[in-house]
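See structure below.
Order of the sequence lines fixes the chain letters, A, B, ..., with proteins taken first and strands second; residue numbering starts at 1 for each chain.
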There are 2 protein chains.
Amino acid sequence: MESELFDFIAGYMPLTEPEKQVIVDMALFKRVDKGTFLVREGELSNAYYFVVRGCLRTYYMIDGEEKTTAFYTELQNLAPLSTVNKTPSDQYIVCVEDSLLLVSTLDTEQLVFERFPRFETLCRLLSENLLAQNQASFDQFKNSSPEQRYLRLLDTRPDLMQRVPLHQLASYLGIKAESLSRIRRRVQQKART
Amino acid sequence: MESELFDFIAGYMPLTEPEKQVIVDMALFKRVDKGTFLVREGELSNAYYFVVRGCLRTYYMIDGEEKTTAFYTELQNLAPLSTVNKTPSDQYIVCVEDSLLLVSTLDTEQLVFERFPRFETLCRLLSENLLAQNQASFDQFKNSSPEQRYLRLLDTRPDLMQRVPLHQLASYLGIKAESLSRIRRRVQQKART
DNA sequence: TCAGTTCCTTGACTAAAGTTAGGAAAAGCG
DNA sequence: CGCTTTTCCTAACTTTAGTCAAGGAACTGA
């Protein structure tokens, strides 16, 4: 169960057995049911999430409509702006499937850093990486059409198509549900020729 | 000259005089002329940049066209994916104006961390913050039309309009130069009524 | 089982961005 | 200074996304 996590971490920095034990002992793993809200708009949040198994979704409520902006699945990390800034959240974070999460709060983080100083270096490297990756995704998004974005998603995260309703994927791709529907038809027709 | 930097850092963590001195002594400040490339496509990069004064631009060459994706101005931070990943860069980073930068390489960073351990915490906090902010910008980008994005840019970074050619701003906004031209006309007409 | 959602698609229409082409003003350079 | 390049705008046309309306399929809960 934890092995996925430690394999992932090893990509940044291999951990010793005692170090792994620190994480396990702190009982940071948490099972969360589908439909559970981790944060709602207006609430304060003090946790960071690492998805071991399952799927989280972030969305905003704008003019009574849900605007989905991200999905976090296996081995992805979510540091809500609300947690980082200690300000009320402007978005919702909800559990899309029954999930297994590593939940670390500002408090537990501090404890881990004391017992295991290298963990701060690990967190720094991870943040730097995620920042650069996020910027690269943003860059790619700007330079591609809705259809190209759909095709890329199909290529990089095909699982999402099965796991998530299409109208949520549409707003994730920055378009309306009707447009996504038409894009899918267009793409299928091209493939058939 | 360095005071802008230290004022900025104080927002995360006030530094002591000796700590400030470490940074100044390491002579990490660098003047860079307009037109200078910090990284080209295919090159390796091993530096992080903090803009004290001036402006940097990142762009990709796609089908012989420059696709600008970001501008870094006063008090903004740039950690190129190439530096983070130690892989050849897929983008260009160029100096748009004569600029004053704080340049930190992987080597100098290590030295600073040793002489001044709190610096690593500072870097972690900064990365976490920038990541959450970048994600929020990305979210907003997805949920707004080209016109809304233009108006927001006008609101949040009006200086860019003067500092940078419009066709570069267009691709930064994820649209073509012709579209930006039309949007500007539309907006002006609305304002005139 | 049935009623009420939610989800997905389609069609007709509108609005806006992409494409292509051209031209004028401004800036850079010999 | 003239020349070239860059920058910016315009226009006509094409393509595609947004909007509004509707209907059917799939799922949900009493």
So which one's nearest nucleotide on DNA chain C is more toward 5', B:R186 or A:E178? A:E178
Quick test of your reading of the model: are B:E178 and B:R182 salt-bridged, counting only N-O distances below 4.0 Å? no
Yes or no on side-chain hydrogen bond (donor to acceptor under 3.5 Å, both in side chains) for A:E66 and A:S171, after CA distance, side-chain angles and deciding distance? CA-CA 9 Å; A:E66 291 186 6; A:S171 84; over 6 Å; no
Can you tell me the distance, in whole Å, between the CD atom of A:E66 and the P atom of C:dT6? 10 Å
Whole Å only: how far is the NZ atom of A:K176 from the C1' atom of C:dT10? 18 Å
Spell out, as yes or no, whether a donor-acceptor pair under 3.5 Å connects the side chain of A:S127 to the backbone of A:C123. yes
N/O (side chain, A:R185) to phosphate O (OP1/OP2, D:dT16) under 4.0 Å: no
Looking at B:A47 and B:P80, what are the two nearest heavy atoms and their distance? O-CD, 3.4 Å
Figure out the CD/P separation between B:Q148 and C:dA16, and round it to whole Å. 12 Å
Does anything in residues 151-173 of chain B reach DNA chain D, meaning a heavy atom under 4.0 Å, and if so which residues? B:P165, B:L166, B:H167
In whole angstrom, give the distance that lies between atom CD1 of B:I175 and atom C1' of D:dC9. 14 Å
What's the CG-P distance between B:D63 and C:dT19, to the nearest Å? 11 Å
Sub-3.5 Å donor-acceptor pair from the side chain of B:R149 to the main-chain atoms of B:L173, do we have one? yes
Between C1' on C:dT9 and CD on A:Q188, what's the gap in Å once rounded to a whole number? 12 Å
Heavy-atom nearest nucleotide on DNA chain D taken for B:R182 and for A:P146; more 5' hit belongs to B:R182
Rounded to whole angstroms, how far apart are OH on B:Y150 and P on C:dA17? 13 Å
Report yes if at least one side-chain N or O of B:S181 is closer than 4.0 Å to OP1 or OP2 of D:dC8; otherwise report no. no
Between P of D:dC9 and CD1 of B:I183, the distance in whole Å: 12 Å
Determine the interplanar angle of the A:F37 and A:Y92 rings, folded into 0 to 90°, and report it as parallel if under 30°, tilted if 30 to 60°, perpendicular if over 60°. perpendicular
In terms of relative ring orientation, are A:F138 and B:F138 parallel, tilted or perpendicular, with 30° and 60° separating the classes? parallel
